[in-house]
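Structure first, then comments.
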Amino acid sequence: MGGDLAGQLSDLREEEVLDTVRGRLEKGDDPLKIMEDARRGMELVGKRFEKGEYFIPDLVYAGEILKELTAIVKPELARAAGTSYMGKFVLGTVAGDIHDIGKDIVAFMMDVSGFEVHDLGVDVPPRKFVDKIKETGARIVGLSGFLTLAFDSMKETVEAIEAAGLRDKVKIMVGGGLIDEEVRRYTGADAYGRDAVAAVSIGKKWVGGE
Ligand code: B12
């Protein structure tokens with residue numbers, strides 16, 4: 001029951017993964033640590049895909065296992081977080097990219113941390129971000145992306161926000177598998193967050209809550 005979660009996930013051993021997660025939560029293990037192990041497991045899945053050991057259906061299956069795992073961990077994460085109102089947050093996976101597992105974790109963590117989350121979903125064109133910012137008056141924007149092509153989509157989204165005259169009204173954070181500080185600079189965003197915990201602390205800093 002206390003097995004190696006990252007290894008089990010990377011081997012796509014669904015039942016063992018879920019048993020391990022339930023067992024760890026019962027023992028009072030930190031839900032964030034469980035999510036970190038799951039992240040490492042998904043990284044291993046990605047490596048096997050790169051090496052040609054796994055194929056697209058394996059990625060889909062890994063994504064499904066991760067979703068089930070997240071559903072089990074979510075209530076515990078919610079319990080661990082604070083809840084005072086932090087303002088509005090517009091989030092989406094940028095144009096051309098349909099990865100949403102990481103984005104959904106960010107949405108969830110921002111939500112339970114007190115942000116009003118407006119999640120635009122996946123493959124979101126720049127125009128939709130602009131419209132949502134105008135409609136909600138949100139001051140914080142999150143762009144998620146896992147593909148190399150997402151770098152340009154993020155840049156185009158930041159540019160569209162600027163062209164709409166909203167650039168000095170919003171702070172923009174970027175994140176996702178391949179995103180780092182260098183990519184952040186390329187896109188013109190204000191901050192890069194490595195994970196959902198970082199997203200929350202950046203957001204709180206921007207609203208002056210921490
Ligand atoms: C699962 C998966 C899929 C699933 C996605 C299911 C879903 N509903 O999301 C499916 C099978 C659909 C898929 C499809 C594809 N995929 Co894919 N996929 C993955 C995989 C294995 C895991 C990604 C994931 O969900 N990780 C789990 C989450 C939890 O990861 P995380 O990074 O820890 O998330 C945190 C941070 O990123 C951060 N974060 C995320 N968003 C944001 C936003 C903000 C604002 C902030 C601050 C933080 C933040 O917080 C998250 C939570 O803590 C990766 C491999 C990898 N190592 O990443 C490849 C990978 C991303 N995929 C890849 C590819 C190539 C594809 C396809 C093009 C394959 C194909 N030929 O069709 C398609 C893309 C289709 C498209 N247009 O988007 C490549 C990308 C390579 C590249 N350089 O572009 C990768 C890297 C695999 C590889 N090594 O080749 N994929």
Side-chain angles (χ1 to χ4, degrees), residues 5-6 9-12 17 31-71 73-74 77 81 89-113 115 117-125 129 138 140-154 157-158 161 170-181 183-184 187 189-206:
L5 181 60
L9 181 56
S10 69
D11 288 343
L12 308 178
V17 166
L32 286 176
K33 261 206 259 163
I34 297 177
M35 293 312 296
E36 171 58 23
D37 289 346
R39 193 194 59 72
R40 280 197 298 115
M42 293 306 282
E43 218 170 78
L44 295 172
V45 171
K47 292 215 172 96
R48 289 189 177 180
F49 178 69
E50 272 170 23
K51 279 196 247 160
E53 293 169 14
Y54 277 173
F55 302 96
I56 298 290
D58 300 305
L59 290 190
V60 174
Y61 188 34
E64 277 164 15
I65 299 174
L66 187 67
K67 278 202 170 156
E68 285 181 80
L69 178 161
T70 308
V73 179
K74 262 184 179 181
L77 278 170
F89 177 59
V90 169
L91 174 69
T93 300
V94 294
D97 196 329
I98 60 156
H99 292 85
D100 64 359
I101 299 169
K103 170 188 68 63
D104 288 351
I105 298 173
V106 171
F108 170 74
M109 286 299 288
M110 291 296 276
D111 181 11
V112 298
S113 303
F115 290 87
V117 178
H118 296 267
D119 186 347
L120 295 169
V122 298
D123 190 14
V124 181
F129 280 99
I140 303 180
V141 178
L143 308 181
S144 182
F146 281 74
L147 298 173
T148 311
L149 65 80
F151 305 171
D152 283 322
S153 295
M154 286 176 173
T157 306
V158 174
I161 291 171
V170 295
K171 290 271 201 184
I172 305 169
M173 61 173 101
V174 289
L178 302 163
I179 311 299
D180 58 16
E181 186 50 35
V183 175
R184 195 274 310 158
T187 62
D190 301 298
Y192 150 67
R194 180 178 177 271
D195 54 25
V197 177
V200 170
S201 62
I202 294 164
K204 284 189 174 174
K205 199 171 74 191
W206 284 346

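First listed ligand is number 1; within each ligand, the first listed atom is number 1.
Looking at atom 7 (C) of ligand 1, its nearest protein heavy atom turns out to be Asp100 OD1, 3.2 Å. Closest to atom 78 (O) of ligand 1 among all protein heavy atoms lies Ile98 N, 2.7 Å. The protein heavy atom nearest to atom 67 (C) of ligand 1 is Leu147 CD2, 4.4 Å. For atom 91 (N) of ligand 1, the closest heavy atom belonging to the protein is His99 NE2, 2.8 Å. For atom 37 (O) of ligand 1, the closest heavy atom belonging to the protein is Gly176 CA, 3.2 Å. Met42 O, 4.2 Å is the protein heavy atom nearest to atom 56 (C) of ligand 1. Taking atom 55 (C) of ligand 1 as the reference point, the nearest protein heavy-atom neighbour is Gly46 CA, 3.7 Å. For atom 34 (O) of ligand 1, the nearest non-hydrogen atom of the protein is Gly102 CA, 3.7 Å.
Short contacts between ligand 1 and Ala199, defined as distances under 4.0 Å to a heavy atom of the residue, involve ligand atoms 47 (C). Atoms of ligand 1 found under 4.0 Å from any heavy atom of Val60 (numbered from 1 in listed order, with element): 11 (C). Numbered from 1 in the order shown, with element, the atoms of ligand 1 that lie under 4.0 Å from a heavy atom of Glu43 read 57 (N). Less than 4.0 angstrom separates some heavy atom of Gly193 from each of these atoms of ligand 1: 46 (C), 47 (C), 48 (C). Close contacts of ligand 1 with Ala196, meaning ligand atoms under 4.0 Å from a residue heavy atom, involve 50 (O), 52 (C), 53 (O). Applying the 4.0 Å criterion to heavy atoms of Val106 picks out, from ligand 1, the atoms 39 (N), 42 (C), 48 (C), 49 (C), 50 (O). Residue Phe49 has at least one heavy-atom neighbour below 4.0 Å for each of these atoms of ligand 1: 87 (C), 88 (C), 90 (O).
For the pair Phe49 and Ile56, the minimum side-chain heavy-atom distance is below 4.5 Å. Taking the side chain as every heavy atom from C-beta outward, Arg40 and Leu5 never approach each other to under 4.5 Å. Phe146 has its side chain out of reach of Thr93: every pair of non-hydrogen atoms, C-beta onward, lies at least 4.5 Å apart. Tyr192 has its side chain out of reach of Val183: every pair of non-hydrogen atoms, C-beta onward, lies at least 4.5 Å apart. The closest side-chain heavy-atom distance from Asp119 to Asp104 is below 4.5 Å. Contact annotation: the side chain of Leu91 never approaches that of Met110 to less than 4.5 Å [non-hydrogen atoms, C-beta and beyond]. Counting heavy atoms from C-beta on, the side chains of Val200 and Phe89 never come closer than 4.5 Å.
Ligand 1 does not have Ala62 within reach: every non-hydrogen atom of the residue lies 4.0 Å or more from it. Not a single heavy atom of Ala198 sits closer than 4.0 Å to an atom of ligand 1. At least one heavy atom of Arg194 sits less than 4.0 Å from an atom of ligand 1.
Here the OG-CG distance, from Ser144 to Leu120, works out to 12.0 Å after rounding to the nearest 0.5 Å.
Across every non-hydrogen atom of Leu12 and Ala62, the tightest pair is CD2-CB, 3.7 Å. The two residues Leu143 and Thr157 have their closest heavy-atom pair at CD2-CG2, 3.9 Å.
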Q: Starting from the C-alpha separation in whole Å, work towards a yes-or-no answer on salt bridge (charged side-chain N to carboxylate O under 4.0 Å, His left out) for Arg184 and Glu181.
A: CA-CA 5 Å; Arg184 195 274 310 158; Glu181 186 50 35; 2.6 Å; yes
(Q) With salt bridge (charged side-chain N to carboxylate O under 4.0 Å, His left out) as the criterion, how do Glu36 and Arg39 come out once you've worked through the C-alpha distance, each side chain's angles and the decisive distance to 0.1 Å? (A) CA-CA 5 Å; Glu36 171 58 23; Arg39 193 194 59 72; 2.9 Å; yes
Q: Any chance you could lay out the side-chain contact (heavy atoms from CB on, under 4.5 Å) test for Lys103 and Val122, step after step, and finish with the verdict?
A: CA-CA 9 Å; Lys103 170 188 68 63; Val122 298; 4.3 Å; yes
Q: Step by step, work out the side-chain contact (heavy atoms from CB on, under 4.5 Å) result for Val90 and Phe129.
A: CA-CA 7 Å; Val90 169; Phe129 280 99; 4.1 Å; yes
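Atom 13 (C) of ligand 1 lies below 4.0 Å from at least one non-hydrogen atom of the protein. Distance remark: protein heavy atom present below 4.0 angstrom from atom 45 (C) of ligand 1. Protein heavy atoms are found inside the 4.0 Å sphere centred on atom 48 (C) of ligand 1. Distance screen at 4.0 Å: atom 20 (C) of ligand 1 has no protein heavy-atom neighbour inside the cut-off.
When only interatomic distances are considered, the shortest N/O to N/O separation between Gly63 and ligand 1 does not fall below 3.5 Å. Ligand 1 has no nitrogen or oxygen under 3.5 angstrom from a nitrogen or oxygen of Arg39. Here's the thing with Val174: none of its N/O atoms is less than 3.5 angstrom from an N/O atom of ligand 1. At under 3.5 Å, not a single nitrogen or oxygen of Leu66, backbone or side chain, sits near a nitrogen or oxygen of ligand 1.
Considering each of Ile56, Val94, Ile101, Leu91, the one bringing a non-hydrogen atom nearest atom 6 (C) of ligand 1 is Ile101. Summarising the contacts of atom 83 (N) of ligand 1 with Leu143, Ile105, Thr148, the nearest heavy atom is found in Thr148. Selection from Asp97, Leu59, Leu9 by nearest heavy atom to atom 11 (C) of ligand 1 gives Leu59.
Between the side chain of Asp97 and the main chain of Leu147, a donor-acceptor pair closer than 3.5 Å is present. Checking side-chain atoms of Asp58 against main-chain N and O of Phe55 turns up a donor-acceptor pair under 3.5 Å. Put simply, the side chain of Asp123 never gets that close to the backbone of Ile98: no donor and acceptor are under 3.5 Å apart.
Residue contacts with ligand 1, taken as heavy atom pairs separated by less than 4.0 Å, do not involve Met35 at all. Proximity of Glu50 to ligand 1, defined as any heavy-atom pair under 4.0 Å, is confined to the side chain (atoms from C-beta onward). Within the 4.0 Å heavy-atom criterion, both parts of Phe146, backbone and side chain, lie near ligand 1.
Note on Glu64 versus Lys67: no salt bridge recorded, every NZ/NE/NH1/NH2 to OD/OE distance being 4.0 Å or above.
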